[in-house]
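Reading through the structure tokens given below for one structure.
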Amino acid sequence: MRTTNTPHISGRWRRVGSAAAAATALALAGFGAAAQADAATPHKVSARTIATQVAKAHVQTTNACATTAKKGYASCDALRVTGGTTAFMEKQAAVKGVAPATIKPHASSGTPTGYGPSDLQSAYGLASAASSKGSGETVAIVDAYDDPNAAADLATYRSYYGLSACTTSNGCFKKVSQTGSTTSLPSADSGWAGEISLDLDMVSATCPNCNILLVEAKSASMANLGTAVNEAVKLGAKYVSNSYGGSESSSDTSYDTKYYKHAGVVITASAGDEGYGAEYPAGSQYVTAVGGTALKKASTTRGWSESVWNTSSTEGTGSGCSAYDAKPSWQTDTGCAKRMIADVSAVADPATGVSVYDSYGADGTGWNTYGGTSASSPLIASVYALAGTPSSASYPAKFPYAKAGTSALNDVTSGSNGSCSTSYFCTARSGYDGPTGLGTPEGVSAFTG
């Protein structure tokens, strides 16, 4: 987890007063679920030209939590963009025939600068499932500390993109402490608030019909975060996303059985943001370890391309062979005798990052772009939710392995996240590899069982 603390993007989005005015504003801006289509602009440009422009995306980032986890503690796996030009901004500029804007420290960001729901649903073949599935399912988000503005920021994100309201009053959204209290919540933290906003927005983007449960641990200790996982399951969530991680330790196997072993429940965990190397709880044999990719528009049938996310020697998706956790029976790679990270992957590169609305604290200033495997973990948990409730005795991390090598997964075959003695631990290849696992979703069929 990076500790560089660079200036944040400032500025808040001013909401349009009426539904009609909002719809008009979105269409003019070229954003929103319907308005993001290239056809909404008068400038004609080829898919190849868009792909060429998107490839120029380059950004600067800061770690949202801005701390290095000490022993027994975790840090969030979220990276906030603080400068440069994102892939989404390059795409918008290309289809409008204008020069791309640039994110600058302390500059106002009145509209999104990252991928929105329609982009993510298009990239992963989820548009049909997102519109028709997910009702009655609850995706739980586990994070540390409180985000006082979680409900309001979630409402802003969903309203902007034309998604149905998800509020406490209509029963769609609920926020509790690790003990289940709705009133006695942890102390607030602006860095973790950004992480929370990212997680809530990724569930909304991927499974807009899902209910969302936010469980806030009182600190970032593995014990408190694990207790929050147990509370999420106790409250009925069948899909629990964990966008945090810390160094592996000999305590991990005990954490496995105490916090992360829940048959019939999807538990996803971020693979990490510091490049090659294993972290926990992604290393647990009972979770779906989620790696990260760079997601770009492409002149292909799919319309998108992906490679291993690797910005630098200190920033990129995590992967590796666990030092402590046993290898699950469904994982059959031969180079690692223990648990191998990751299982699957999704977008995490901040340069091809996602749109997030966060208004709490110095780090939360309205519309931001985020990356990190904190984006890919809730996205994958939500894909599982679209696929339907897992069978009661199953450990859903194994589901994608039944679809290995099929069209149900986009095999990511290029890129590396560092240096390693066993090539596939850190380098993409055809079939299974550490940084991207079995690949990324193409629909939901690889996530049911």
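These figures come from a predicted structure and were not determined experimentally.
Of the listed residues (V203, V176, V240), just one forms a side-chain contact (heavy atoms from CB on, under 4.5 Å) with L213, and that residue is V176. For the ring-ring contact (aromatic ring centres under 6.0 Å, His included) with Y280, the qualifying choice from Y286, Y324, Y260 is Y260, the only one to do so. Partner of L379 under the side-chain contact (heavy atoms from CB on, under 4.5 Å) criterion, out of V354, T206, T373: T206 alone.
Between Y424 and C336 the shortest side-chain heavy-atom distance falls below 4.5 Å.
No donor-acceptor pair under 3.5 Å is formed between the side chain of R80 and the backbone N or O of T62. Distance alone, capped at 3.5 Å, is enough to place a donor-acceptor pair between the Y115 side chain and the L295 backbone.
Shown here are the side-chain contact (heavy atoms from CB on, under 4.5 Å) partners of A428, two or more places apart in sequence or in another chain: V308, D433. Under the salt bridge (Lys or Arg N to Asp or Glu O under 4.0 Å) criterion, D343 pairs with R339, not counting sequence neighbours. Partners of E306 according to the salt bridge (Lys or Arg N to Asp or Glu O under 4.0 Å) rule, which considers only residues two or more places apart in sequence or in another chain, are R302. For K403, the salt bridge (Lys or Arg N to Asp or Glu O under 4.0 Å) criterion is met by no residue, not counting sequence neighbours. In terms of the salt bridge (Lys or Arg N to Asp or Glu O under 4.0 Å) criterion, K398 has no residue partners (sequence neighbours excluded). When the side-chain contact (heavy atoms from CB on, under 4.5 Å) test is applied to D411, the partners found at least two apart in sequence or on another chain are T413, S430. Shown here are the side-chain hydrogen bond (donor to acceptor under 3.5 Å, both in side chains) partners of S197, two or more places apart in sequence or in another chain: D358. Under the side-chain contact (heavy atoms from CB on, under 4.5 Å) criterion, S377 pairs with S241, S243, T268, S270, sequence neighbours left out.
Among pairs with a residue in residues 134-186, those fulfilling disulfide (SG to SG under 2.5 Å) read C166-C172, at least two apart in sequence or across chains. Sorted by first and then second residue, the salt bridge (charged side-chain N to carboxylate O under 4.0 Å, His left out) pairs involving residues 190-217 (not counting sequence neighbours) form an empty list. Residues in residues 193-239 take part in these disulfide (SG to SG under 2.5 Å) pairs, two or more places apart or across chains: C207-C210.
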Practice item. List the steps and the verdict of side chain to side chain contact (heavy atoms under 4.5 Å, CB included) for W309 and D273. Key: CA-CA 9 Å; W309 165 42; D273 293 348; 3.5 Å; yes

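Residues N224 and S219 bring a donor and an acceptor atom of their side chains to less than 3.5 Å of each other. Side-chain contact annotation: S181 with T179, donor-acceptor N/O pair under 3.5 Å absent. Looking at T293 and S345, their side chains never bring a donor and an acceptor atom within 3.5 Å of each other.
The distance from the CG atom of L386 to the NZ atom of K133 is 8.5 Å, given to the nearest 0.5 Å. Atom OG of S313 is separated from atom CD of E274 by 10.5 Å, given to the nearest 0.5 angstrom. Between S284 atom OG and E248 atom CD the span is 10.5 Å, to the nearest 0.5 Å. Distance check: T182 OG1 to K174 NZ gives 7.0 Å after rounding to the nearest 0.5 Å.
Taking the charged nitrogens against the carboxylate oxygens, K175 and D147 have no contact shorter than 4.0 Å, which rules out a salt bridge. Checked for salt-bridge contact, D349 and K296 miss the test: no charged N lies under 4.0 Å from a carboxylate O.
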Could you tabulate the donor-acceptor pairs under 3.5 Å formed by side-chain atoms of residues 441-449, not counting sequence neighbours?
from : atom 1 : to   : atom 2 : distance (Å)
E442 : OE1    : N410 : ND2    : 3.3

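Contact detail for D189 and G191: the closest heavy-atom pair is OD1-N, 3.1 Å.
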